[in-house]
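This is the structure I want to talk about, given as structure tokens.
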Amino acid sequence: MSQDDTTAAVATAPPPTEAGVPVARVEDLHVTFRRAGADIQAIRGVSLEVAPGEIVGLVGESGSGKSVLGLSLLGLLGGSPRTSGRAVVRGTDMLTAGAAERRDVRRLHLGAVFQDPMTSLNPTMRVGRQIVEAAGSQDEAVRLLTAVGVPDPARRLRAYPHELSGGLRQRVMIAMAVAGTPSLVIADEPTTALDVTVQAQVLGLVRRLRDEIGCAFLLVTHDLGVAAQVVDRVAVMYAGRITEVGPADEVLRNGAHPYGVALMRSRLSLRTDRDTPLLALPGSVPSPARPEPGCAFAPRCTLAGPDCTTTPPVPVEVAPGHLAACVRDLAEIRAFAAAVPAEEPPAAGTPSAATAPAAATAAGTDDAPVEEPAAVRVQNAYRTYSVGSGIGRRRPLQALRGVSLTVARGEAVAVVGESGSGKSTLLRLVAGLERADGGTIELGSAAGAQMVFQDSGASLTPWLTIGELVGERLRSAGVPRAERERRVAEALELVGLPAEVAKARGIQLSGGQRQRVGLARATVVPPEILLCDEPTSALDVSLAASVINLVGRLRRELDMAVLFVTHDLSVARVVADRIAVMYLGRIVEIGTADEITHRPRHPYTQALVTAVPDLGVEPPPPSGEPASPLDPPPGCAFHPRCPRATASCSDPGLDPRLAAQPGERTRLTACINLEVS
Amino acid sequence: MAIAEPAVVPPSPAPVVSRAGRPRRDLTRLQAWGGVGLLVAVTLLALLAKVVAPQDPLAPVGLPLQPPGSAGFPLGSDSIGRDVLSRVLVGLQLSWFGAIVVIASGLLVGGIIGLVAGAVGGWVDTVLMRFTDLFLALPAPVLAIAVVAALGPGLRNTLLAVGVVWWPFYARIVRGEIRTLRARPHVEAARLAGTGGVRIALRHLLPGAVPAAVVAASLDVGALVLTLAGLSFLGLGQPAPAAELGADSARNLSYLLQQWWIPVMPGVAVMLLALAGNVAGDGVRILLDKR
Amino acid sequence: MSARGAVTGGVGPAAATAGPAAAAALRRVTGVPLVRLLAKRLVAAAVIVVALATSVFVLQRLSPLDPAKAMLGPGASASAVAQQRAKLGLDDPFAAQLGRYLVGLPQGDLGMSYRTRRPVMTDLGAFVPATAELASTAIVLALLLGIFFAVSTSLRWPGASVLRGVLMAGASAPAFLLGIGAILVFYKQLGWLPASGRSGITDLPGGPTGLLVLDGLLAGRFDVVSDALKHLVLPALAISFGPAVAIGRVLRTSLSSEERSDYARTARAKGLTDGAVLRRHVLRNAVGPALSMTGLQVGLMFAGVLVVEQIFAWPGIGQYTAQSIPVADFPAIAGVTLLLGIGYVVINTVVDILQGLADPRITT
């Protein structure tokens, strides 16, 4: 570790907002792991304080060191790293204290919630016993479960983790974390594995628990929206250092560090401008094995100059309690933040005149037949899987229960839904990877459908070169070798990759490069319709934006239709002309992107829209979790969670059909209790 | 701030194609290569056994019951004056190549069955794997005894018997790997690219199953050497004058308390052979196993 | 050896497919997952045993030996052989013979030994208790040693790496070398333990189990118990050493990977001590692979029993097998194969059920 590092980037947090000593104080923390003969500098000089009862958000992209900071405070750093500095919790330094002392601090003063509640709970122990370990008694466990909103707690105590839904499991984790009213709960990506509506509930719970029992939270997240919604103060981490720290509103609205500003600009929300390209961050996070000597962000920063690359910038206070580690003047950064990007072709969604959705002109029935040629027409598709593992009985899982959807030529349609909605199944049927059990799927032309997968790394055969993979479709079509190589190079160029990538294998590329390869492979022979299965959900904010831009550009240049599956309404909004919202195997509402995101009509769509975390949004959390497609509720499947449900909604004979309201052409809703506006 | 679509050339001078994962700790790799070197060395020794052997393994060449280190008998002589070292070397050749033949044929048969079952799926998979599971649910060495007993003793039948009970392990492993690979999106991506079934099986599936199968096979060399020696010990190998490690030990048990080297030396040879196999297997695992 | 760990596919074919009426009747009881697990495993075990019997029968048919000739001896006339063939039903259709064989098995009809001219079942009855005592001792010893090896090689102490090397070498030694080595050291050199037979005592208690340790305990003859145990030590060690190393290795691997799991981290975050994390959380999750490995190693131990019995003059089915092999007494060998095969299936079925009990994800 160099001399510079130890003195640098000491962003001292503002004094605690309440009287009293901070519950946790990190001072000039350095954590270095040794991996494969190289030093991985996970944390390079971080200082931070958490006041009693305060929710502090620790925001950063993957590899920023945010999780390591959380584990440092818990005293649970694995892999025996070298550390310096202090990570003090209630007076005990969790880096240097003895094992017994650290254990006592964890038991008395700390709680922890981790990302994946399935693996974080012991699969072979009833959740009751696991909670009692932290809570001390059965009665206390019941009280805690009630407090975190688990219905029928006495019965749940006897359940094993795999018998609970994802949301309930995370509530159990939270119950264990707040047992014994700790001073501080470290929550590491607590909502990342959860559905959007469940995420909103859990975030609401964090807020409520803080208010009720007064414990502080350190909320580690990659999602700025999550941070924006619940935290009091935000620390933004980049490459092992804090770039900026301050009150949440201040940091997220008036960022004073180019990195924070860029992050905020590339993230999507329901207010993102659909008519201009998204602002993607160029480059990628630097390797923690070869850190920059100066400001880690300098190589990706438009404001960077020679003075940025020598020593790490010292944090300065730009507003009360708001510190930023950047050498540029605040005015310069603010000007940069306000700058309107140069004119560029429009982003993904914008319908051009040629592709305007004439689709779904309302007839009384399902998604109405369209006069002009369609890229794909799905009619009344059904798909049921038979599931069962171990010794359980095989049961039918109804993934699709009568879905009709038409995508016009050149149109982009997004399918949005939570887990179990059947959105991915629909995509696989259109791709021809599976057959429907009922209904028909017609593709508009022989050009067919091609697909971009969620996990771009896994979609590339590891031992074949990118050239072989991209050229495979040409090979199947009998294109000679030389011609193939030329067209592969062209396809790679079109997605912004240099031709030498053709010689590489998937593992040698970065996540963003792989997703581009996936796009090149799908478009080397342009298909009639491009199918995208959550292509951005595994990518960091800045990369996601550039992939979305690329999909939009390819769509225009190659004149393809796009069917884009996502769980994220704000992504759907920018990529698509129309959005179809699915719930438990059915489309419950379909309409233009603006109709769905700004004037949702179906109660479920409304719940989804309000659940999107964002600045200043205080959503009434929609109740419950999506039911299992193994056992969809009768009638309208949403009725158990629906605030407007009436007795007739649960009538097994009810079959809510998509229907248009008088005077509307583009929107269809499947609800019998619509509030007529 | 650059705007969308710029990142054709990365801003840093880093190569576009980053280096794949660095080698692990050098020591481990050294060990691994050492193991592989051992494998080669033992194979060479086995190949040259008859050349290296100082005496005719079958003929009496001196005084009987001479202890190790006696003139002309580095490992002693047996009850009729044959050279123990020469017999051990020839027996070693037999054991080693016997094990390798069984493993190679097991890999071939099991690999093909596993590949077909995994790649085709459906009822073909069910039928093939039910059949394979039947074998796996039975104790292989005991089954091999029954097979040799039915076919009649002898080296050929012993190898056949062990081969018959051994391939199911590889069928299971290869099939399992293929099923795992098949669930990966890369196979669906290949299907969407219009690639045919045979090409998918051979280009997109098989190469992924090879490392696991080879690792399993190389870890098995030691176990097979032991199994073959055990069968030979029970009298299921070649008839009397032939040099065979297990049988040489079994036939000379009565000399154990007085002339210990006669039954012990062949056993030690089996142990060294199996140890070489296990060390080499570990080496191959370190080199090939990505997990 | 460790590759075996990768193929613990469990007992294969299953699928209890009952008729609709039976299914309706069974629905109530099979609603209980544990009952369903038991039923499935038992049916699977039965299927495997039938398949084993069938293949043993097919092997007999494949054998170049004519059973009639083998029974009558080399000097028998052609007509006598033909008569014997008719008597044995060897000229009947294959299916009829197979049917007869399978029906006879549950009644203990394993055919006649060519060598002893007695029913194989009677012969086995005389040899099984000695083998059962040795094999069960070896299995228990393998488990105990496996746990000991797992713990002692994962602890940080100066001898750990040396011990690991010794274990690897020991696991590479054939059971017969371990047996004769043990005799040379502990009998010849040190004179601590006997090297031959089950007991040096002449007036042994006569029953009821045939297992000397148990019978001695029941009869209150502690001299018999300690003598029997002394005789058991060396052969059981020779059989169980290799399997114990394999079990220990799997146990160590699963312990260390479970210790690094997310739920163990959660448990530590609660402030539990390392001991509590290990006992309450890690152990139950880590036993599964070790149990599978134990079941798998039983096959190797059976082969080891056959070998080691010869070295220690142990009067069990290993001796019986060794005497049957040179004279190609196939019915005897088939009987031994069936017996050991069934023992293996039973043990692995028990292992499967134990795993179901240890892991609620299997049974709920």
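Everything quoted here is computed from the prediction, not taken from an experiment. Sequence lines set the chain letters: A, B, ... in the order given, protein chains first and strands last, and positions in each chain run from 1.
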Within the structure provided, determine whether Leu52(C) and Leu143(B) are in side-chain contact (heavy-atom separation under 4.5 Å).
yes

Which pairs with one or both residues in residues 126-164 of chain B pass ring pair (Phe, Tyr, Trp, His ring centres under 6.0 Å), sequence neighbours excluded?
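Non-adjacent pairs meeting ring pair (Phe, Tyr, Trp, His ring centres under 6.0 Å): Phe131(B)-Phe135(B), Phe135(B)-Trp167(B).
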
Cut-off 4.5 Å, heavy atoms of chain C, and the answer for Val148(B) is neither

What residues of residues 246-258 of chain B sit under 4.5 Å from chain C when only non-hydrogen atoms are counted?
Gly246(B), Ser249(B), Leu253(B), Leu256(B), Leu257(B)

I need the Leu273(B) CG to Ser172(C) OG distance, nearest 0.5 Å.
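Leu273(B) atom CG to Ser172(C) atom OG measures 10.0 Å (nearest 0.5 Å).
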
I'd like to know which of Val56(C), Leu59(C), Val49(C) tops the heavy-atom pair count under 4.5 Å against chain B.
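Greatest number of close heavy-atom pairs with chain B: Leu59(C).
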
Considering non-hydrogen atoms only, spot the tightest contact between Val270(B) and Phe176(C) and give its length.
CG2-CZ, 4.3 Å

Measuring from Ile145(B):CD1 to Leu306(C):CG, what's the distance to the nearest 0.5 Å?
4.5 Å

Chain C contact via Val268(B) - side chain, backbone, both or neither, heavy atoms under 4.5 Å:
both

For Phe127(C), which residues count as a ring-ring contact (aromatic ring centres under 6.0 Å, His included) partner, sequence neighbours excluded?
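For Phe127(C), the residues satisfying ring-ring contact (aromatic ring centres under 6.0 Å, His included) (neighbours in sequence not counted) are Tyr320(C).
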
Closest-packed option against chain C by number of heavy-atom pairs under 4.5 Å, given Gly277(B), Ala146(B), Gly281(B):
Ala146(B)

Which of these, Ile183(C), Ile311(C), Ile180(C), sits in a side-chain contact (heavy atoms from CB on, under 4.5 Å) with Pro263(B)?
Ile180(C)

Would you name the heavy atoms of Gly299(C) and Pro141(B) that are closest together and state the gap between them?
O-CG, 4.0 Å

What is the minimum heavy-atom distance between Ala51(C) and Leu134(B), and which atoms define it?
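That would be CB-CD2, 3.5 Å.
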
Minimum heavy-atom separation for Ala150(B) to Phe330(C), with atom names?
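Of all heavy-atom pairs spanning Ala150(B) and Phe330(C), the closest is CB-CE1, 3.4 Å.
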
Looking only at Leu151(B), Val279(B), Val142(B), the option with the highest number of non-hydrogen pairs under 4.5 Å against chain C is Val142(B)

Could you look at Ala173(C) and say if it's the side chain, the backbone, both or neither that has a heavy atom under 4.5 Å from chain B?
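Looking at Ala173(C), backbone and side chain both touch chain B.
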
Taking ring-ring contact (aromatic ring centres under 6.0 Å, His included) as the definition, give me every residue that meets it alongside Trp96(B), ordered by chain and number, with sequence neighbours left out.
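Checked Trp96(B) against ring-ring contact (aromatic ring centres under 6.0 Å, His included); zero matches.
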
Examine whether an atom of Ala140(B) lies under 4.5 Å from a heavy atom of chain C, and if so say whether it belongs to the side chain, the backbone or both; otherwise answer neither.
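Neither part, no heavy atoms under 4.5 Å.
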
For the CG atom of Asn278(B) and the CE atom of Met168(C), what is their distance to the nearest 0.5 Å?
5.0 Å

With a 4.5 angstrom heavy-atom cut-off, is it the side chain or the backbone of Pro174(C) that approaches chain B, or both, or neither?
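Looking at Pro174(C), backbone and side chain both touch chain B.
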
Between CG on residue Leu300(C) and CG on residue Leu226(B), distance to nearest 0.5 Å
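Between atom CG of Leu300(C) and atom CG of Leu226(B) there are 8.5 Å.
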
Please classify the contact between Leu340(C) and chain B as side chain, backbone, both or neither, with a heavy-atom cut-off of under 4.5 Å.
both

Rounded distance [0.5 Å steps], CG in Leu234(B) versus CD in Gln310(C)
5.5 Å

